[in-house]
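Structure, as structure tokens:
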Amino acid sequence: MRAYAAAGADAIGVWELKLADGGDAEALELLGESGLGSAAAIPLIPSILSLPLMEGPDDPRARVDAICASVHRLAPFHPSGIVCLTGPGDDRDTVVEGLRVIGDEAQRAGVRIGLEPINRIGGENWTMISSLGEAVELLEDAGRPALGIQFDTWHLWNTPNVLQEIPEHVHRFVGVHVADWREPTRSWADRVLPGDGAAGLPAMLGALDSAGWEGYYDVEIFSDNGTFGNAWEDSLWDVPLEKLAGAARDAFDRVWEARNRSPVDQVSPGAV
């Protein structure tokens, strides 16, 4: 939190796995003292269906119960939204029912849920949805007002017509994650700072801004240093935190300044 505040960030994301057992009161106090707002929160169990790459129960009911418990734990941090994934597979009915239960619990806790579509490239281990339209279909089937969408530039930049879909669905967004796409990318945990990749972020941020998004832009970088099995020599996670936080803020500011100079119908080569 000190590094983010020193870098001029407005907010910080809250990851439940980084909260010490029994240390929530201290974390809340430190957050208040930092002056930072609270961006997207990530629960310890982030998906309704089990994830091959993460530990957790296999039973969807147990996973939904865990997410509901996380909703109440994270609510005092007043995040912009709490991220939820479907998990992989095709058990749509289980996901819809899980979203209803989670949505009801979020309503009682006074928070929003951000259902996050995951990039179709490599997303088979994470999700059954990879576009805004697919997320909206699930939300409409679930029919709970506390349910929204977590928009992620890294996951959505290469989906068809994303720039045109942003104004159509922006009213559902509860958070925006920002990262750029390394070309060629080496894994899901190989993201780069805004402006350093092929995702066409100026156009995407311009579309979000024009559509009226006024929430946080939450820079979310996965850059494997061995944590997930690939120790990239150029991993951003090996950069000292204070330096990386400042670099992330500067990179975002450069892309933000370029947003109005990028035509809204332009995306980077490779997008489809």
Side-chain angles (χ1 to χ4, degrees), residues 14 16 38-51 56-120 123-124 126-153 155-156 159-162 164-177 207-208 211-216 218:
V14 180
E16 187 177 7
S38 183
I42 316 296
L44 191 62
I45 301 294
S47 66
I48 294 168
L49 302 178
S50 61
L51 301 175
D58 291 328
D59 182 2
R61 291 171 297 182
R63 297 181 71 85
V64 168
D65 288 344
I67 293 171
C68 289
S70 294
V71 163
H72 287 282
R73 183 182 187 187
L74 294 168
F77 291 88
H78 301 293
S80 61
I82 297 175
V83 173
C84 180
L85 311 181
T86 64
D90 56 7
D91 191 352
R92 182 185 180 87
D93 290 344
T94 294
V95 168
V96 169
E97 181 56 32
L99 286 172
R100 288 172 179 157
V101 173
I102 294 165
D104 288 341
E105 207 66 33
Q107 184 83 12
R108 285 188 281 270
V111 294
R112 301 286 308 281
I113 299 297
L115 181 65
E116 186 171 36
I118 301 295
N119 201 295
R120 69 188 189 279
E124 63 275 1
W126 299 93
T127 191
M128 65 173 59
I129 58 169
S130 297
S131 69
L132 290 175
E134 290 170 328
V136 169
E137 289 177 0
L138 279 178
L139 296 185
E140 290 183 344
D141 287 349
R144 296 296 188 270
L147 299 175
I149 293 173
Q150 178 72 27
F151 186 97
D152 189 307
T153 64
H155 288 303
L156 292 169
T159 58
N161 304 313
V162 64
Q164 290 72 37
E165 285 190 324
I166 286 172
E168 180 181 356
H169 301 304
V170 69
H171 65 284
R172 297 181 185 269
F173 296 174
V174 302
V176 171
H177 279 151
L208 286 160
W213 173 251
E214 295 181 342
Y216 296 124
D218 187 0

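Here the structure is a predicted model, which means the values were calculated and not measured. In this chain, numbering begins with 1 at the start of the sequence shown.
- Residue Ser131 holds its OG atom at 6.0 Å from CD of Glu165, rounded to the nearest 0.5 Å.
- A salt bridge links Glu140 to Arg172: at least one charged side-chain nitrogen sits closer than 4.0 Å to a carboxylate oxygen.
- A salt bridge between Asp58 and Arg63 is absent, with no side-chain N of the basic residue lying under 4.0 Å from a carboxylate O of the acidic one.
- Between Val136 and His169, the closest side-chain pair of non-hydrogen atoms falls below 4.5 Å.
- The shortest side-chain heavy-atom distance between Pro46 and Leu51 falls under the 4.5 Å cut-off.
- For the atom pair NE2 of His177 and OH of Tyr216, the computed distance is 13.0 Å after rounding to the nearest 0.5 Å.
- Side chains of Leu49 and Thr86 form no contact here, defined as non-hydrogen atoms less than 4.5 Å apart.
- Using a 4.5 Å heavy-atom threshold, the side chains of Val111 and Val71 count as touching.
- Other residues, nucleotides and ligands contribute more than 12 heavy atoms inside 6.0 Å of the CZ atom of Arg92.
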- Query: Where do Phe151 and Ile166 land on the side chain to side chain contact (heavy atoms under 4.5 Å, CB included) test, with the steps shown first?
  - Reply: CA-CA 9 Å; Phe151 186 97; Ile166 286 172; 3.8 Å; yes
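- Residues Ala135 and Ile149 share a closest heavy-atom pair of CB-CD1, 4.0 Å.
- Side-chain contact, Glu97 with Thr94: no donor N or O sits under 3.5 Å from an acceptor N or O.
- The two residues Ala75 and Ala109 have their closest heavy-atom pair at CB-O, 4.0 Å.
- In terms of modelled atom types and a separation under 3.5 Å, the side chain of Ser47 and the main chain of Ser50 share no donor-acceptor contact.
- Residue Asp59 qualifies as enclosed at atom CG: its count of foreign heavy atoms under 6.0 Å is above 12.
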- Step by step, work out the side chain to side chain contact (heavy atoms under 4.5 Å, CB included) result for Leu138 and Leu99. CA-CA 9 Å; Leu138 279 178; Leu99 286 172; 4.3 Å; yes
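- At least one donor-acceptor pair under 3.5 Å links the side chain of His155 to the backbone N or O of Asn119.
- A heavy-atom distance below 4.5 Å is not found between the side chains of Ile113 and Val174.
- At least one donor-acceptor pair closer than 3.5 Å links the side chain of Glu134 to the backbone N or O of Ser130.
- In this structure, CG on Leu147 lies 8.0 Å from SG on Cys84, to the nearest 0.5 angstrom.
- The nearest pair of heavy atoms linking Ala146 to Gly103 is CB-O, 3.5 Å.
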- Would you sort out whether Asp93 and Val95 count as a side chain to side chain contact (heavy atoms under 4.5 Å, CB included), showing the intermediate values? CA-CA 5 Å; Asp93 290 344; Val95 168; over 6 Å; no
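- Not one N or O on the side chain of Thr127 forms a donor-acceptor pair closer than 3.5 Å with the backbone of Pro88.
- Glu214 CD to Phe173 CZ: the interatomic distance, rounded to the nearest 0.5 Å, is 14.0 Å.
- Residues Leu132 and Thr159 form no side-chain contact, since every pair of their non-hydrogen atoms from C-beta on lies 4.5 Å or further apart.
- Between the side chain of Arg144 and the main chain of Ile102, no donor-acceptor pair closer than 3.5 Å is present.
- The structure places SG of Cys68 at 12.5 Å from CD1 of Ile45, a figure rounded to the nearest 0.5 Å.
- Under the 3.5 Å distance criterion, the side-chain polar atoms of Glu16 are matched with a main-chain donor or acceptor of Leu44.
- A pairwise comparison of heavy atoms in Pro79 and Ala39 identifies CB-O, 3.3 Å as the closest pair.
- Here the shortest heavy-atom pairing between Val176 and Gln150 reads N-NE2, 3.5 Å.
- When side chains are defined from C-beta on, Gln107 counts as touching Pro145, because their heavy atoms get closer than 4.5 Å.
- Distance check, rounded to the nearest 0.5 Å: CD1 of Ile82 to CZ of Phe77 gives 10.5 Å.
- Contact check for Ile129 versus Ile118: no side-chain heavy atoms found under the 4.5 Å cut-off.
- Of all heavy-atom pairs between Leu74 and Ala41, the closest is CD1-CB, 3.9 Å.
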